[in-house]
Amino acid sequence: MKVPYSEVAATNGRMKDELLATIGRVIDSGCYSGGPFVEAFEDEFAAYCGTKHAVAVSSGTSALWLAMMAMEIGPGDEVVTVPATFVATVEAILATGATPVFADIDESSYTMSPEGLERAISARTKAVVPVHLFGQTAEMGAIREIAAGRGLRVIEDAAQAHGASCGGRRAGALGDAGCFSFYPSKNLGALGEGGAVTTDDDLVAERVRELRNHGQSRKNHHVASGWNCRMDGVQAAVLSHKLRMLEGGNQRRVEIAAAYDEFLAGCAGVVVPAVRKPDHHVYHVYAVRVGGRDRFIRRMAGLGVECGVHYPVPVHLQPAFARLGCGMGDFPVAERCAGEFVSLPMYPGLTGEQAGIVMAAAARSCEVEACAGVPPVIQSH
Ligand SMILES: *Cc1c(COP(=O)(O)O)cnc(C)c1O
């Protein structure tokens, strides 16, 4: 394979010496769970997102769950989200005891349709969880306005959107709380699991801090029944180090996306991602839409390019969620997109030569082989 879909090991390998030194400091300190490395990372990440607080937790899934628990969302409540997401969004809603209700996505941004949200709201709706799919934020201005009019809390699923922005504010600072994942392949990835809840709300931050640590408000005083969702010192120290590389990595993703956009927009049968300007897309995933996806992916593989699919089955059609009573045809845009999405290789370490191979292969792999021209040349870093 000339161009792998992802290369997390190579990315971390390029900073292995610094990472080993960082981990060495944690070993020497004895602060392995919570503690000073976690607190330092929380301050840095809150400053990066532009929020008053960041509370580090064990994963993006626990960030979503704890943010909703902190807002006292539970049995009897409905939470509106989208079917075009990773299942964790819906699992976290169910884990609170609340009922997930879906709103379809917008055909161009692939994020929650504000009209769909309005239709999904009922008297029981307590919150809305828009998902910043692929690294572009949902239409947060419109969503916040609808939520404010109905008294709903807004919880961003920002697991794919570290550094993305909307209306001049960064993901994580666009609702009542932002939930991040630091799963290794995310734009900001740990050497294992991690997550964070960002918020300006003192009470939400305090509750998430308690809940992630067995509901303790101070040592041996348990004010709630929580869970163990603490972050490791090693992951926090690694994330502090890698946070300094996030902007550069995101810029490189944007550069690669611009070349992909320019070239692939000229390929018949390929739909390139639409960006809502002047908001900032961080391309966690660069997904195009093609007809005849399986054949496209096979041809790409034959030309040495590995592709991904995010996500082939929308959440409402997964067997685990059949009990929610949704079926084929309920969310036509999400269903159509799920059948057409193909994720092309996209990571800061992708070389100019590799990007050229991806573009040339895509031009030869689409339904109509009408893609003339030579892919633009982009510099390697
Ligand atoms: C990765 C991801 C999550 C879950 O994060 P984990 O850290 O793996 O628990 C949730 N939502 C979305 C949209 C994601 O991409």
Side-chain angles (χ1 to χ4, degrees), residues 5-6 8 41 45 54-69 79-96 100 102-103 105 109-112 127-138 140 143 154-164 171-172 174-175 177-198 208 211-212 227-232 235-236 238-239 242 253 273 281-287 308-316 318 320-321 334 337-338 341 343 346-347:
Y5 177 67
S6 114
V8 280
F41 172 65
F45 195 63
V55 185
V57 296
S58 52
S59 70
T61 309
S62 40
L64 286 160
W65 177 53
L66 293 183
M68 286 186 267
M69 292 293 281
V79 177
V80 180
T81 190
V82 286
T85 184
F86 182 57
V87 291
T89 321
V90 176
E91 288 175 317
I93 296 168
L94 285 166
T96 68
F102 295 109
I105 55 169
S109 71
Y110 310 141
T111 61
M112 181 180 280
V128 49
V129 184
V131 178
H132 305 327
L133 195 72
F134 301 154
Q136 173 160 245
T137 69
M140 294 305 291
I143 289 170
V154 179
I155 299 143
E156 301 167 69
D157 183 336
Q160 303 189 357
H162 319 68
L174 298 169
C179 300
F180 289 88
S181 164
F182 306 118
Y183 185 75
S185 62
K186 304 287 162 125
N187 288 32
L188 177 59
L191 295 181
E193 307 287 342
V197 177
T198 53
V208 174
L211 290 167
R212 74 172 169 184
W227 204 254
N228 172 4
C229 296
R230 294 179 301 252
M231 177 179 274
D232 294 347
Q235 301 308 341
V238 163
L239 288 165
K242 292 184 72 177
R253 288 173 188 265
H281 193 319
V282 294
Y283 298 100
H284 172 59
V285 167
Y286 185 94
V309 177
H310 301 85
Y311 299 92
V313 179
V315 177
H316 71 287
Q318 288 287 355
F321 307 110
C337 289
F341 279 146
S343 312
M346 167 58 78
Y347 33 87

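Both counts, for ligands and for their atoms, begin at 1 and track the order of listing. Not measured: the values here are computed from a predicted model. Numbering of residues begins at 1 and proceeds along the displayed sequence.
Judged by the shortest distance from any of its heavy atoms, K186 lies inside the 4.0 Å radius around the atoms of ligand 1.
Looking at heavy atoms from C-beta onward, F134 lies out of side-chain contact with P273 at the 4.5 angstrom threshold. Side chains of Y311 and L133 form a contact here, defined as non-hydrogen atoms less than 4.5 Å apart. Looking only at side-chain heavy atoms (C-beta outward), V154 and M140 come within less than 4.5 Å of each other. For the pair F180 and H162, the minimum side-chain heavy-atom distance is below 4.5 Å. The side-chain heavy atoms of H284 and K186, taken from C-beta on, include a pair separated by under 4.5 Å.
The shortest N or O to N or O distance between Q160 and ligand 1 is under 3.5 Å. The shortest N or O to N or O distance between E193 and ligand 1 is not below 3.5 Å.
Counting the atoms of ligand 1 from 1 in the order shown, those under 4.0 Å from a heavy atom of A159 are 2 (C), 3 (C), 10 (C), 11 (N), 12 (C), 14 (C), 15 (O). Atoms of ligand 1 lying under 4.0 Å from any heavy atom of A88, numbered from 1 in the order shown and given with element: 4 (C), 10 (C). Shown in contact with T85 at under 4.0 Å from a heavy atom are these atoms of ligand 1, numbered in order with element: 13 (C). Per-residue contacts place S59 under 4.0 angstrom from the following atoms of ligand 1 (heavy atoms of the residue considered): 7 (O), 9 (O).
Evaluated by nearest non-hydrogen atom to atom 10 (C) of ligand 1, the leading choice among D157, V82, V285 is D157. For atom 6 (P) of ligand 1, the nearest non-hydrogen atom from the set A92, G60, A196 belongs to G60.
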Quick one: do S109 and Q136 satisfy side-chain contact (heavy atoms from CB on, under 4.5 Å)? Show the steps, please.
-> CA-CA 8 Å; S109 71; Q136 173 160 245; 3.9 Å; yes

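Atom CZ of F321 has more than 12 neighbouring heavy atoms from other residues, nucleotides or ligands inside a 6.0 Å radius.
Aromatic pair F182/F41: centroids less than 6.0 angstrom apart.
The protein heavy-atom contact nearest to atom 7 (O) of ligand 1 is S181 OG, 2.6 Å. Atom 9 (O) of ligand 1 has T61 OG1, 2.5 Å as its closest protein atom, hydrogens excluded (heavy atom only).
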